[in-house]
Visitor: 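I have a structure I would like to understand better, so I am pasting it below and will then ask my questions one at a time.
Note that ligands are numbered from 1 as they come in the structure, with each ligand's atoms numbered from 1 the same way.
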Amino acid sequence: MIELLFLLLPAAAASGWWLGRRDRHRRGLRPASAYPDLVRGLNYLLAEQPDKAIDLFVRLTEVDRETAEIYLALGSLFRRRGEVDRAIRIHSHLIERPQLTPELRGLALFELGQDYLGAGLLDRAEALFHKLVRLNLQTERALESLREIYQRERDWQRCLEVTDQLAELIGVRHPAEVAHYHCELAEEARCRQDLATARAQIDLALAADPNCVRALLLEGQMALAAGESERALELFKRVATQGPTYVPEVLPDLIRAMESCGEDVIAELARLVGKQANPLLILALSERIEHSQGVPAALDFLADYLARWADLAVLERLLALRARAAGPDDRARHYAQVALGVARHLLQGQAPYHCERCGFQAQALHWQCPSCRSWGTIVAVLPQPIL
Ligand SMILES: [Zn+2]
C-alpha cells in the first residue's frame, strides 16, 4: 500500500494538497488542515487498511476539484492493482456528488466504465460508455472502449457502427480494423453458405483497405471452391506480392490452383521462395522436388537453403530425409537419427508465429493478437540469415 501512496503523491501535489500555505493562498486553495478526513483516509491506506479508508472516503459528501482528482487517482490505482471492487466503490461515490463539474463527471464515469470492463461486467460498461457519448463527454475514449467491448463479444456489425461514429465525431479512422471486421462478417457468411453476402463483405473490406491481404486470401479460396482457378491464382499471386508472409496459409489451395492452370509448380514455388524465405514454403517445395526428382535432389535443395538460413524446421526435414536415405546398417543413419531427435526436441519449444507488436507467441495464425488485441500483427517467425 505504501507504493500506492507514493503513486498518489503527484496527484495530491498537482491538486494543491501538498503545496505550501502561501501558494495555496495565492491559488485560492484550502490548506491541508481543511481535509482532515482525507488525511485520516490516507493514514488508513498507510496502515494497509484500504477498506477503512474507502469507508471513510465514501462518507464524505463534499467533493471539490482537489479531492475529486485524488479520488480518481486512487480509484484507477486500485483497478490497476486488480482491486476492481474498491475502484468501483470510489468511482460510484464520486459520480453521485452533485457539485462535480461536467469534465470531472465525465472522467469519473469513464473510470467507472473501465472498472466494469476490468470486472467483466460488459453490459454495465457498455451502458456507461453510451451515456458518455450521449453527454458528449470523453467521447473518443468512450467510443474506443465500446469498440473493445464489441470486439470481445465478436459483434462485428457494432464494431463497424462505432468506427463510423469515431470517424464522424472525432475524425479518427481505423481502415485496417474496418477491413478485418468485414472479413470476419465474410467468414461468418461463408460458414452459413451465404456466398453473396460473403463476397459483398470482401468488397467492403477491400474498399476500406485495398492492402487487406486477408480479404484477398478469402476471395481466392472462394474462387477456387467455385471452380474459378484462374481468378483464384491471380488473387493468391496478389497475396504473394502484398503479404508474402501469408502465402503458406493457403499453400495447398495455391498449389491446386497452379495445377489447375497448368503452371510449373516447382518453378512457381521457387519464384515465391525468392521473394521471401518461409519455412513452410521451403518444405512444400522440397516435397515436390523429392517426388519429381528424388531424395538426392531434395537433399541438395535443402542443404543449399540451410547454408544461407538458420532454419530448424528445414534442418529437421533434411535430417529426416538423410536418415531415410541411408541404408539400415549405415552408421550415417544412426548419426542422422540422433541429430533428428535433437532438432525435434528444439522445435517443440518454438512457436511458429509471433506478434510483431507485443511479442506474443502463437501456434497458429490469429488475425487479432490475443494478447495486445492488435489486428494483422501476428506473422510467421522467419528464419535468420547465416552471415
Ligand atoms: Zn500482440
Visitor: Would you call the rings of W375 and Y181 parallel, tilted or perpendicular if under 30° counts as parallel and over 60° as perpendicular?
Guide: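 W375 vs Y181 ring planes: perpendicular.
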Visitor: Strictly below 4.0 Å, N to O, side chains only: are R324 and E290 in salt-bridge contact?
Guide: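 Counted as a salt bridge, because a side-chain N and a carboxylate O are separated by less than 4.0 Å.
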Visitor: In plain terms, say whether E187 and R190 are close enough for a salt bridge, that is, a side-chain N and a carboxylate O under 4.0 Å apart.
Guide: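 A salt bridge is absent here (no side-chain N lies under 4.0 Å from a carboxylate O).
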Visitor: Using the ring-ring contact (aromatic ring centres under 6.0 Å, His included) criterion, which residues pair with H91? Sequence neighbours excluded.
Guide: none
Visitor: Hey, can you tell me if F360 and H366 have their rings parallel, tilted or perpendicular (30° and 60° cut-offs)?
Guide: perpendicular
Visitor: With a cut-off of 2.8 Å, which protein N/O/S atoms are close to the Zn ion (ligand 1), if we only count those under it?
Guide: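 Sorted hits: C355 SG, C358 SG, C369 SG, C372 SG.
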Visitor: If two hydrophobic side chains count as joined below 4.5 Å and joins carry through other members, does L347 share a cluster with V338?
Guide: no
